[in-house]
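A note on names: the letters A, B, ... follow the listed sequences, proteins ahead of strands, and every chain is numbered from 1.
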2 protein chains.
Amino acid sequence: MASLTVENYLKAILQLAAATNSEWISTGQLATSLSVAPGTVTSMLKTLSESGLAAYKPYEGVCLTKAGRTLALRVLRRHRLLELFLVKTLSLTWDQVHAEAENMEHSVSDMLIERIDEYLGRPETDPHGDPIPSADGLMRGNATAAVPLSTCQALSKVRIVRVLNQQPDFLRYLSETGLEPGATALVELNSMEGGLISAKVGRKTVSLGHQAAEQLLVETVPQ
Amino acid sequence: MASLTVENYLKAILQLAAATNSEWISTGQLATSLSVAPGTVTSMLKTLSESGLAAYKPYEGVCLTKAGRTLALRVLRRHRLLELFLVKTLSLTWDQVHAEAENMEHSVSDMLIERIDEYLGRPETDPHGDPIPSADGLMRGNATAAVPLSTCQALSKVRIVRVLNQQPDFLRYLSETGLEPGATALVELNSMEGGLISAKVGRKTVSLGHQAAEQLLVETVPQ
DNA sequence: CAAATAGTTTTGACTGGTCAAAAAAACGAG
DNA sequence: CTCGTTTTTTTGACCAGTCAAAACTATTTG
């Protein structure tokens, strides 16, 4: 059984890889992401390498092996199913569940996760629109052509499908303005120079900085 | 924050104290109950003592302080609310939830427990009939005069209110025979010599050894 | 009451995870 | 290409939790 710590390292590698579009992750990136000293990461990477969960090249970085990737996806699956489960059963808001699931994801059995999956009707995505890896350890779907809101032309009509940033404050702001997964919006302005984008959602117009808009993935809706 | 290990030691002390009706618990009892070497217990007891969670007298044993008792009850509260929550939402059977809650009880926030408590309608007992400590760290109720089934006279009518043993196999056997909390039974025979007790539950008659019957707490029902 | 036994504590050692600080390697700018 | 900066690794240390086995204390029993 992989320890809680190992699970967290694997998950961090997986998510950094996804966020940066590159298999290999540096020691420093991991140290920052896990809030741990660089030396600690180095020693853990050797451990992961020895147990066949990651490939580690000194001074180059680390990359998950098949086994490591599968394990990381299992953790992610637990995390996302737990998030959705808490939202559905206890009506928690989506900004509350991330931290909660972070703790619980290491202490629920496969049996329980299977029951939750069944209860929820085998969902494909969690409350943030993040895809839920399948039980056999594969990251599925994601076939939809989602693009960052920041790249959308004025006058395009879009549906929000995913929010990358999980910070509670940010999520609460999105809730207040109605920019939740599933909602549709009409882009009214996208100004490179001003570094902001405005969209009409419901009857209100919302403006976001580009940095924030990059965190929202949308798909265009035929008008 | 108390570590997972500290929480488990405190909980074990509390439960051994309840099971043996004595404040003071010996090193050996704890070692057995936690499946750990006696020496390990000794060193942990010193730690607990230093952090003011338990009073430790060498060669005598250990006893929870007020603070330790409160913390232990909080863990127990989390455990029992989780059990009930899993039974209610996912229709798990009561023999499945104990092990699951054992793992989860250390990784759920107070906020989540409060929401679960609310969702369940502030229940007083878990699926085994064990009382749920209140949010302010008190073991409540238990005022009902529950006695072991093994002490009941023939012809008395009883309602099962609590099952002390949490072993899945035992619980599954109880389910099969209908001896679950809430069920009523008519004692037909209680033989000291034979060491067994028979009761009619539903339309079937069930026989139990005295040792098993001690694990079932019942209250007598006016006929 | 003394000797045997049962229970407890001490000792020394180990693992997993962590840090700070020193040493080494890689990189980038002139 | 070389010097200085950044990044990474090494080193040595620490803490929590654990064990096995030796030393010790308490209890029972002959």
| task | Any chance you could lay out the side-chain hydrogen bond (donor to acceptor under 3.5 Å, both in side chains) test for Gln96(A) and Thr93(A), step after step, and finish with the verdict? | result | CA-CA 5 Å; Gln96(A) 297 177 302; Thr93(A) 55; 3.2 Å; yes
| Looking only at atom types and distance, does a side-chain atom of His128(B) sit under 3.5 Å from a main-chain N or O of Trp94(B), one as donor and one as acceptor? | yes
| DNA chain C-proximal residues of residues 2-17 of chain A, any heavy atom under 4.0 Å | Ser3(A), Thr5(A), Tyr9(A)
| task | Might you point out which heavy atoms bring Glu7(A) and Glu105(A) nearest each other, and give the distance in Å? | result | OE1-O, 4.4 Å
| request: Identify the heavy atoms of Pro127(A) and Val87(A) that sit nearest to each other, and give their distance. | output: CG-CG2, 3.7 Å
| Heavy atoms, side chains only, cut-off 4.5 Å: are Gln29(B) and Ser33(B) in contact? | no
More than 12 heavy atoms of other groups within 6.0 Å of [X] [atom1]:
{"X": "Glu114(B)", "atom1": "CD", "value": "yes"}
{"X": "Gln15(B)", "atom1": "CD", "value": "yes"}
{"X": "Gln167(A)", "atom1": "CD", "value": "no"}
{"X": "Arg115(A)", "atom1": "CZ", "value": "yes"}

| query | Taking any atom under 4.0 angstrom from a heavy atom of chain B, which nucleotides of DNA chain D are the first and last to qualify, 5' to 3'? | reply | dG17(D) to dT25(D)
Listed pairs, N/O of protein and of nucleotides 6-10 of chain C, under 3.5 Å:
residue : atom : partner  : partner atom : Å
dT8(C)  : OP2  : Gly28(B) : N            : 3.0
dT8(C)  : O3'  : Tyr59(B) : N            : 3.4
dT9(C)  : OP1  : Tyr56(B) : OH           : 2.4
dT9(C)  : OP1  : Tyr59(B) : N            : 2.7
dT9(C)  : OP2  : Thr27(B) : OG1          : 2.8
dT9(C)  : OP2  : Thr42(B) : OG1          : 2.9
dT9(C)  : OP2  : Tyr56(B) : OH           : 3.4
dT9(C)  : O5'  : Tyr56(B) : OH           : 3.4
dT10(C) : OP2  : Lys46(B) : NZ           : 2.3

| Any donor-acceptor N or O pair under 3.5 Å, side chains Ser207(B), Ser198(B) | yes
